[in-house]
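Lettering of chains follows the sequences in order, A, B, ..., and the numbering in each one begins at 1. Below, each value reflects all heavy atoms present in this structure, side chains not excepted, and no hydrogens, waters or symmetry copies.
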There are 2 protein chains.
Amino acid sequence: MIDLERKRELYRLQAELCQTLADPTRLELLELLGEGPRPVKDLVRATGQRQAKVSQHLAVMRQRGMVVAERVGTEVHYSLADPRILDACHITRQMLIDRLRRQHALAVVVGGE
Amino acid sequence: MIDLERKRELYRLQAELCQTLADPTRLELLELLGEGPRPVKDLVRATGQRQAKVSQHLAVMRQRGMVVAERVGTEVHYSLADPRILDACHITRQMLIDRLRRQHALAVVVGGE
DNA sequence: AGTGTATATGCGACAATTCGAATATACGGA
DNA sequence: TCCGTATATTCGAATTGTCGCATATACACT
């Protein structure tokens with residue numbers, strides 16, 4: 001297959017996308033942006049993180065095309081470039097929740113023995 | 001909310017999970033494992049990567065509970081711990097494909113002007 | 001016990017990422 | 001034009017991840 005290279009390139013890009021998701025602050029920001037466009041100020045307040053940190057993470061996601069920024073007067077409003085990213089996040093989140101549940105159930109059984 | 005800590009902890013775990021996905025070789029391995037349990041030998045041949053590299057990546061995913069290993073005679077068969085991981089991967093992949101398509105369409109338009 | 005195939009691990013070099021602190025830029029109003 | 005608020009960027013340190021190479025372990029068969 002000649003498009004073996006294409007496949008590899010796609011895996012590379014997909015890995016980059018996943019790398020962009022691989023930070024707790026960024027995941028929280030994406031979740032917040034799921035409710036619609038929001039100014040940085042809101043995101044800083046909602047996450048409780050330092051402003052510079054939030055800006056840095058937004059910059060990372062912006063550079064990789066995961067979010068888009070738009071100036072609105074003195075503010076900059078961020079929004080999701082593709083809402084489907086949340087579908088992917090919710091799947092992994094649900095997987096984690098289920099795993100924690102199983103672990104907890106097991107701990108109860110083992111602890112009871 | 002008292003479970004703000006829970007939420008943060010969940011984001012941390014989710015980030016770890018995404019970090020585990022953030023490598024092209026691992027994404028390819030997961031895709032291959034989607035077809036069912038497979039010995040390392042197969043995975044090495046299918047990916048064309050060095051055996052040590054494949055083993056290292058399988059070890060990473062095993063330690064983080066993304067795949068499970070089972071000895072079968074002289075071989076070790078790997079399989080997905082939770083097939084839902086592929087659903088998440090397919091979403092991100094489709095997002096990428098759509099984005100590339102849009103970029104390509106735009107390039108054609110711009111190039112034609 | 002010894003050999004061959006299958007798989008895993010240890011190590012060192014290198015690249016990438018994250019954070020806090022400080023500073024820079026942009027915009028609206030007085 | 002100067003100020004205050006909003007946001008972005010730069011820098012250096014610390015941490016983490018990946019790879020190739022070499023080697024170690026596990027099992028089947030003789």
Name the pairs: protein N/O against N/O of nucleotides 20-22 of chain D, kept only if under 3.5 Å.
| unit_1 | atom_1 | unit_2 | atom_2 | d |
| --- | --- | --- | --- | --- |
| D/dG20 | O6 | B/Q56 | NE2 | 3.0 |
| D/dC21 | OP2 | B/R50 | NH1 | 3.4 |

Take the protein atom CD of B/E16 and the nucleotide atom P of D/dT15, then report the distance between them rounded to whole Å.
17 Å

Side-chain H-bond candidate by donor/acceptor type, B/R62 with B/Y78, under 3.5 Å:
yes

Hey, quick one: are B/L32 and B/L80 part of the same hydrophobic cluster, counting side-chain heavy atoms closer than 4.5 Å, chains of contacts allowed?
yes

Tell me which of B/D42 and A/T74 sits closer to the 5' end of DNA chain C, going by the nucleotide each one is nearest to.
B/D42

Rounding to an integer number of Å, can you tell me how far B/M61 CE sits from D/dT18 C1'?
14 Å

Measure from the side chain of B/H57, starting at C-beta and using heavy atoms only, and say which of D/dG17, D/dA6, D/dC19 lies closest.
D/dC19

Would you kindly give the NE2-to-C1' distance between B/H77 and D/dA26, to the nearest whole Å?
14 Å

Please state whether the phosphate of D/dA6, meaning OP1 or OP2, lies under 4.0 angstrom from any side-chain nitrogen or oxygen of A/Y78.
no

Supply the atom-to-atom distance A/L96 CG to B/E9 CD, rounded to the nearest 0.5 angstrom.
10.0 Å

Can any side-chain N or O of A/D23 pair as donor or acceptor with the backbone N or O of A/R26 at less than 3.5 Å?
yes

Approximate separation, where rounding is to 0.5 Å, of B/D3 CG and B/E5 CD
9.5 Å

Between D/dA8 (C1') and A/L43 (CG): distance, integer Å
14 Å

Has A/Q14 got a side-chain atom pairing as donor or acceptor with B/C89's backbone, closer than 3.5 angstrom?
yes

Going 5' to 3' on DNA chain C, which nucleotide is the first and which the last to come under 4.0 Å of a heavy atom in chain B?
C/dA6 to C/dG10

Quick check against the 3.5 Å criterion: does A/D82 have a side-chain atom that pairs as donor or acceptor with the backbone of A/I85?
no

Take atom CD of A/Q63 and atom C1' of D/dA8, then tell me their distance rounded to the nearest Å.
11 Å

Round to a whole Å and report the spacing from CZ of A/R12 to P of D/dT18.
15 Å

Test item: A/H90 side-chain N/O and A/L86 main-chain N/O as donor-acceptor pair under 3.5 Å:
yes

Presence of B/R71 side-chain N/O under 4.0 Å of D/dA28 phosphate oxygens OP1/OP2
no

Between B/L29, B/T20, B/V60, which is the residue that forms a side-chain contact (heavy atoms from CB on, under 4.5 Å) with B/M66?
B/T20

Interatomic distance, A/R45 CZ vs D/dT7 P [rounded to whole Å]:
12 Å

Rounding to an integer number of Å, can you tell me how far A/D23 CG sits from D/dG17 P?
13 Å

Which part of the nucleic acid does A/R38 contact within heavy-atom distance under 4.0 Å: base, sugar-phosphate only, or nothing?
nothing

